[in-house]
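These notes are about the structure you will find just below.
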Protein chains: 2
Amino acid sequence: MSAETDSTTRALADPLRLRIVELLANEQLCTCHIVELTGAGQTNVSNHLRVLRDAGLVVAEPVGRYSYYRLRADALVALSDTLANLAARAGSAEQRPRPCD
Amino acid sequence: MSAETDSTTRALADPLRLRIVELLANEQLCTCHIVELTGAGQTNVSNHLRVLRDAGLVVAEPVGRYSYYRLRADALVALSDTLANLAARAGSAEQRPRPCD
DNA sequence: CGCTGACATCAGCACAACCTGACGTTATCA
DNA sequence: TGATAACGTCAGGTTGTGCTGATGTCAGCG
């Protein structure tokens, strides 16, 4: 398993971050919008956005004093493909357990 | 976002659990095999298997004094589809940011 | 039956993660 | 240029999570 897969799943393993990702899937948003839409504190949102940024899930483009965030679709696709691949392998391996020697 | 998505991503957000899922994608294994293959302690593996079980990612079928675990492909497919859907939406929303009013 | 091995649960500790309040930086506007 | 608003960072307290050792349960085997 790639280390990227691990960091991506960990970045998604928080309800607020998952909510932010969901919001960014619909439209680009700046931090203040995310703060309004989620009801979370500004500092909190900023910290979570940092985690998502470090994981490569979102990118920030500063416009004046605002920071617009957008989702990186390729990062989501990469994880989606990895999981689909695991599922496909699991489907063909379900019938024969390794014997306990 | 569904609550199931959240619990699934959280269950995968650990390197050892991710490794276990990867191993189970290839073949059914009992706890002692997983302990050998990962090098982790038996108690540790058992705890992680419980998390994966609670998240619906694996199922255990007891055979004698052994417990064989297998991956639930449908759980992985569900998460994979959710992520792919988000990525698809993000791809079509990348060009128009919401104005900061 | 007693013993051993596979597995789970429980209690405890160490560390990481999340949340908040205070502060600093930068950009816009009167 | 002073005020304000957006955003980030830092320090703290609290909660959660992973790992371990001890203990309990149950199945197979001599």
Side-chain angles (χ1 to χ4, degrees), chain A residues 1 3 6-24 27-70 97-101, chain B residues 1 3 6-24 27-70 97-101:
Chain A
M1 186 80 60
D6 187 58
S7 63
T8 309
T9 55
R10 191 169 309 194
L12 291 176
D14 178 272
L16 182 51
R17 284 199 292 269
L18 206 52
R19 176 99 181 96
I20 292 174
V21 166
E22 190 187 13
L23 291 172
L24 290 177
E27 51 181 344
Q28 279 185 248
L29 295 169
C30 65
T31 309
C32 62
H33 285 145
I34 300 175
V35 168
E36 285 180 20
L37 292 170
T38 60
Q42 182 266 324
T43 301
N44 196 13
V45 168
S46 191
N47 283 332
H48 281 297
L49 285 172
R50 179 202 237 287
V51 175
L52 292 172
R53 219 183 313 131
D54 290 347
L57 273 168
V58 304
V59 284
E61 39 180 322
V63 178
R65 56 177 165 175
Y66 300 98
S67 281
Y68 276 97
Y69 282 87
R70 66 179 159 82
R98 176 199 285 209
C100 264
D101 46 358
Chain B
M1 187 80 61
D6 187 60
S7 63
T8 309
T9 55
R10 192 168 306 195
L12 291 176
D14 179 271
L16 181 51
R17 284 200 292 270
L18 207 53
R19 176 100 182 96
I20 292 174
V21 166
E22 189 187 16
L23 290 172
L24 290 176
E27 53 181 343
Q28 278 185 249
L29 295 170
C30 67
T31 309
C32 61
H33 285 147
I34 300 175
V35 168
E36 285 180 19
L37 292 170
T38 60
Q42 182 267 324
T43 302
N44 195 13
V45 168
S46 191
N47 284 332
H48 282 298
L49 285 172
R50 180 202 237 286
V51 175
L52 291 172
R53 219 184 312 129
D54 290 347
L57 272 168
V58 304
V59 284
E61 39 180 322
V63 178
R65 57 178 165 174
Y66 300 98
S67 281
Y68 277 96
Y69 282 88
R70 66 178 159 83
R98 176 199 284 208
C100 264
D101 47 3

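- Between B:Glu36 atom CD and C:dC7 atom C1' there is a gap of 14 Å when expressed in whole angstrom units.
- Rounded to an integer number of Å, the gap from CG of B:Leu12 to P of D:dT17 is 15 Å.
- At a threshold of 4.0 angstrom between heavy atoms, the contacts of A:Thr31 are confined to the sugar-phosphate backbone, with no base atom among them.
- Using a distance-only test at 3.5 Å, with no hydrogens or angles considered, a donor-acceptor pair links the side chain of B:Arg17 to the main chain of B:Ala11.
- Straight-line distance from the OH atom of A:Tyr68 to the C1' atom of D:dA6: 11 Å, rounded to whole Å.
- B:Arg10 has its CZ atom 11 Å from the P atom of D:dG16, to the nearest Å.
- In this structure B:Asp14 satisfies the salt bridge (Lys or Arg N to Asp or Glu O under 4.0 Å) test with no other residue, sequence neighbours excluded.
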In dot-bracket, 5' to 3', how would DNA chain C read with Watson-Crick or G-U wobble pairs under 3.5 Å, [ ] for crossing ones and | for pairs to another strand? ||||||||||||||||||.|||||||||||
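- Separating the OH atom of B:Tyr69 from the C1' atom of C:dA6 is a distance of 11 Å, rounded to the nearest angstrom.
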Would you mind building the protein contact string for nucleotides 19-26 of chain C? One character per nucleotide, 5' to 3', B for base within reach (heavy atoms under 4.0 Å), S for sugar-phosphate only, - for untouched. SBBB----
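- Of the candidate nucleotides C:dA8, D:dA6, C:dC7, D:dA6 has the atom lying nearest to any side-chain atom of A:Tyr66.
- The distance between atom CG of A:Asp54 and atom C1' of C:dA17, rounded to the nearest whole Å, is 14 Å.
- Residues B:Cys32 and A:Gly64 each lie close to DNA chain C; by heavy-atom proximity, the contact nearer the 5' end of the strand is made by B:Cys32.
- For B:Val35 against B:Ala40, the heavy-atom pair with the smallest separation is CG1-O, 3.4 Å.
- A donor-acceptor pair under 3.5 Å links the side-chain atoms of B:Thr38 to the main chain of B:Ile34, judged by distance alone.
- Minimum heavy-atom separation, A:Leu49 to A:Val58: O-CG2, 4.2 Å.
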